[in-house]
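We count residues from 1, following the sequence as given. Worth knowing before you read on, the calculation uses all heavy atoms, side chains too, and leaves out hydrogens, waters and symmetry mates. Note that this is a predicted model, so its numbers are computed, not measured.
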Amino acid sequence: MNRYERPSSSDEAEVRYLDADFRVMRPGAFVRCAVTGVAIPLEELRYWSVERQEAYAGPQEALSRALGKA
C-alpha cells in the first residue's frame with residue numbers, strides 16, 4: 001500500500017514516518033495529531049516528526065511541538 005491508495009478500513013492507521021514520506025504499517029483511514037488529537041486523513045497528512053514518530057494536523061501544531069509548547 002502506498003500513500004495514494006485508499007484503505008478499506010475506517011480504523012486508525014499505524015504509520016512509520018520517514019524523511020520525505022511515510023510508510024503505512026497497518027492499514028487505516030487516518031492518524032491522530034500528537035498535539036490536538038484530531039484525526040488526520042492519510043491523504044491530507046503533510047506534517048510529521050521523524051525523530052518523534054508523530055503526526056501533526058498542520059504547521060502550527062508542528063511548530064508548537066518543536067518549540068516545546070505542546
Does R52 have any salt bridge (Lys or Arg N to Asp or Glu O under 4.0 Å) partners at least two apart in sequence or in another chain, and if so, which? none
Under the salt bridge (Lys or Arg N to Asp or Glu O under 4.0 Å) test, residues paired with E54 that sit two or more places apart: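 Result, salt bridge (Lys or Arg N to Asp or Glu O under 4.0 Å) vs E54: R65.
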Looking at every heavy atom in both C33 and A57, which two are closest together, and how far apart are they? SG-N, 3.3 Å
Donor-acceptor contact present, side-chain Q53 to main-chain Y17, <3.5 Å: yes
Main-chain N/O of L18 paired to W48 side chain as donor or acceptor, under 3.5 Å: yes
Answer yes or no: does atom CD of Q60 have more than 12 heavy-atom neighbours from other residues, nucleotides or ligands under 6.0 Å?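 Result for CD/Q60: open.
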Hey, any chance [X] and [Y] share a hydrophobic cluster, counting ILVMFWY side chains that come within less than 4.5 Å of each other, even indirectly?
X   : Y   : result
M25 : L42 : no
V24 : V31 : yes
F22 : I40 : yes

E12 side, atom CD; F30 side, atom CZ - distance, nearest 0.5 Å: 5.0 Å
Distance from L63 atom CG to K69 atom NZ, nearest 0.5 Å?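 It is 7.0 Å, given to the nearest 0.5 Å.
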